[in-house]
Amino acid sequence: MATQQMKPYVKLASTLASIGLGIFFIERFGLTELQKNGTVHIDGTILSIMVLAPIVLVIAGAVVFMVGKMRRL
């Protein structure tokens, strides 16, 4: 009996989304720890990149999944 394997586009999409969510939670943890101390100030550009990177990864995962699903129909 053949085993069900994940399709490559599903693997890529889930990897991108998982990395994005992982970065988001690590970022939130780090920012709350920095806020407790109150001594470190992060530049606005770096903070913007830290916020946008996880969002972009999750959206990229969704796009890869949707495009892969459409091409397989």
Side-chain angles (χ1 to χ4, degrees):
M1 188 178 264
T3 60
Q4 288 284 5
Q5 294 183 356
M6 288 176 57
K7 294 177 173 55
Y9 71 92
V10 175
K11 285 182 183 179
L12 178 61
S14 65
T15 300
L16 287 172
S18 298
I19 290 172
L21 289 173
I23 290 173
F24 174 76
F25 287 120
I26 290 171
E27 171 209 351
R28 296 306 317 159
F29 174 73
L31 288 176
T32 55
E33 289 297 316
L34 285 176
Q35 192 175 24
K36 285 180 187 176
N37 296 338
T39 57
V40 178
H41 177 70
I42 298 177
D43 185 40
T45 305
I46 294 173
L47 191 59
S48 297
I49 292 171
M50 287 173 56
V51 169
L52 291 178
I55 295 170
V56 168
L57 284 171
V58 171
I59 290 172
V63 169
V64 166
F65 180 76
M66 287 187 293
V67 170
K69 194 72 162 169
M70 286 189 293
R71 290 186 58 113
R72 295 283 181 180
L73 292 178

Approximate separation, where rounding is to 0.5 Å, of Glu27 CD and Thr32 OG1: 10.0 Å

Could you tell me the separation between the CD atom of Gln5 and the NZ atom of Lys11, rounded to the nearest 0.5 Å? 6.5 Å

Hey, could you give me the CD1/CD1 distance between Ile46 and Ile49, rounded to the nearest 0.5 Å? 7.0 Å

In terms of hydrophobic clustering (I, L, V, M, F, W, Y; side-chain heavy atoms under 4.5 Å; direct or indirect links), are Val63 and Met70 co-clustered? yes

Considering non-hydrogen atoms only, spot the tightest contact between Gly20 and Pro54 and give its length. O-CB, 3.2 Å

Given Val58 and Leu16, is the side-chain contact (heavy atoms from CB on, under 4.5 Å) satisfied, shown in steps? CA-CA 6 Å; Val58 171; Leu16 287 172; over 6 Å; no

Counting C-beta onward and ignoring hydrogens, is there a side-chain heavy-atom pair between Ile23 and Leu57 closer than 4.5 Å? yes

From CZ (Phe24) to CE (Met50), nearest 0.5 Å: 11.0 Å

Look only at the side chain of Ser18 and the backbone of Thr15, and say whether a donor-acceptor pair between them is shorter than 3.5 Å. no

Take Val10 and Phe65 through the side-chain contact (heavy atoms from CB on, under 4.5 Å) test and state the conclusion after the steps. CA-CA 6 Å; Val10 175; Phe65 180 76; 4.1 Å; yes

